[in-house]
2 protein chains.
Amino acid sequence: MTAAHVHHPDLTRNQSLVYDVLNGSDAPLSAYSILDALRGEGFRAPLQVYRALEKLRAYGLVHRLESLNAFVACSHPDCAGHETAGFAICEKCGKVSEFAEERIAAPIRDWAKAEGFVLAGSTIELRGLCRDCREG
Amino acid sequence: MTAAHVHHPDLTRNQSLVYDVLNGSDAPLSAYSILDALRGEGFRAPLQVYRALEKLRAYGLVHRLESLNAFVACSHPDCAGHETAGFAICEKCGKVSEFAEERIAAPIRDWAKAEGFVLAGSTIELRGLCRDCREG
DNA sequence: ATTCGTTATGTTATGTCATAACACATCCCG
DNA sequence: CGGGATGTGTTATGACATAACATAACGAAT
């Protein structure tokens, strides 16, 4: 676990294993990929992964990418407060950049307020080519 | 077909049936719900639905909601040009409001440009309570 | 230290969403 | 009318996610 994430309970063994796999990956991973990566640690069933992911997401350590059905470790020191985090997904190399831009989040909150929509959460995912792949 | 959508080829029978089901629904529908709705019209297999949806999305008549694994008819007269449409999904009544706010799209394009990210498409989905459900 | 509620885990089975592969039909255009 | 492109039907399979139930570990209060 990184020193930056100090605001959540200690992780259980399963949670820690799942987090480490995600944190060590360049690209998002599906739950079943995580399962395969942890068979050597005794994992046998999808629920072992999904239950750990559920907790890790609640702690703000992991995000789900809805457009990929996949998961990533949070790249920010204190993510739990970022209700409107966004992700830029490179369609060539698969890497994901997480951003928490107030310039993007603010107009969304403003729109919701003007509409009378009580905002509980958001999914913001961009697809395209990252700088490296565009140049390559 | 609505008079507003005049910029795409005529729909085939399957495409038209799928579009009508979506257009007549208050809330997003899964592909399998659409399939069930069309069994009386002779639909037997998921592919019949998915293939129609694929075309309808290409025409800009239908959107996919990634966070729900479901589909909605487009609510705008000319949606094909809206690369950064967003959706507000009510978690109580299930209704979806589509929006195409330049105030939200512009800062996303700006961020992408500053990052050197070539934007190909985006998913913007908000979860919460719509005005009606908040008041109810 | 024992009881008891809460949380985590293991396991099997099932449910839900989506596509591969192949065959056949239809349409349109030259 | 011939031939490529597109649409359709069907079977089978792959990929993602959860229900239901049993057992175990933990932690606080007595």
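Chain identifiers are assigned alphabetically (A, B, ...) following the order of the sequence lines, protein sequences preceding nucleic acid strands; residue numbering begins at 1 within each chain.
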TODO: On DNA chain D, check which nucleotide each of A:Ser33 and B:Gln15 is closest to and give me the residue with the more 5' one.
DONE: B:Gln15
Open item on the list: If we check side chain to side chain contact (heavy atoms under 4.5 Å, CB included) with B:Val18, which of these qualifies: B:Tyr50, B:Phe43, B:Phe71?
Closed with: B:Phe43
Task: Gap between atoms CG and P, on B:Leu56 and D:dG7 respectively (whole Å) - done: 11 Å
Task: For atom CG of B:Leu65 and atom C1' of C:dC17, their distance in whole Å - done: 15 Å
Open item on the list: Has A:Glu41 got a side-chain atom pairing as donor or acceptor with A:Leu38's backbone, closer than 3.5 angstrom?
Closed with: no
Open item on the list: Please tell me if B:Gln48 has a side-chain N or O lying less than 4.0 Å from either OP1 or OP2 of D:dT8.
Closed with: no
Task: Nucleotide D:dC16, atom C1' - distance to CG of A:Leu29 in whole Å - done: 14 Å
TODO: In whole angstrom, give the distance that lies between atom CG of B:Leu68 and atom P of C:dA18.
DONE: 11 Å
Open item on the list: Strictly below 4.0 Å: does A:Tyr50 bring a side-chain N or O up to OP1 or OP2 of D:dA17?
Closed with: yes
Open item on the list: Can you identify which nucleotide, out of D:dT10, D:dT18, C:dT19, has its nearest atom closest to the A:Pro46 side chain?
Closed with: D:dT18
TODO: Fit a plane to each ring of A:Phe99 and B:Trp111, take the angle between them on a 0 to 90° scale, and name the class: parallel (under 30°), tilted (30 to 60°) or perpendicular (over 60°).
DONE: tilted
Open item on the list: From CG of A:Leu38 over to C1' of C:dT9, roughly how many Å is that when rounded to an integer?
Closed with: 15 Å
- [ ] Report the distance from atom CZ of A:Arg13 to atom C1' of D:dC26, rounded to the nearest whole Å.
- [x] 17 Å
Task: Rounded distance in Å - CG (B:Asp10) to C1' (D:dT6) - done: 14 Å
Open item on the list: I'd like to know if A:Arg51 reaches the base of C:dG10 with its side chain such that a donor and an acceptor end up less than 3.5 angstrom apart.
Closed with: yes
Task: Given DNA chain D, 5'-ward residue of the pair A:Leu47 and B:Gly42, judged by closest heavy atom - done: B:Gly42
Task: Aro-ring/base stack B:Tyr32-C:dC17, d under 5.5 Å, angle under 30° - done: yes
TODO: Using heavy atoms to find the nearest nucleotide of DNA chain C for A:Lys55 and B:Phe71 separately, return the residue whose nucleotide is more 5′.
DONE: A:Lys55
TODO: Name the closest nucleotide to the B:Asn14 side chain, picking from D:dT10, D:dT18, D:dT8.
DONE: D:dT8
Open item on the list: Tell me whether B:Arg127 is salt-bridged to B:Glu125, with the criterion being a basic N under 4.0 Å from an acidic carboxylate O.
Closed with: no
Open item on the list: So, does A:Arg64 get its side chain near the phosphate of D:dA17, meaning an N or O under 4.0 Å from OP1 or OP2?
Closed with: yes
Open item on the list: Taking the basic N atoms (NZ, or NE/NH1/NH2) and the acidic carboxylate oxygens, is any pair closer than 4.0 Å for B:Asp110 and B:Lys113?
Closed with: no
Task: Atom-to-atom span, CG of B:Leu11 to P of D:dT8 - whole angstrom - done: 10 Å
- [ ] Verify the contact: side-chain N or O of A:Thr12 to OP1 or OP2 of C:dT9, cut-off strictly under 4.0 Å; return yes or no.
- [x] yes
Task: side-chain N/O A:Asn69 vs C:dA18 OP1/OP2, d < 4.0 Å - done: no
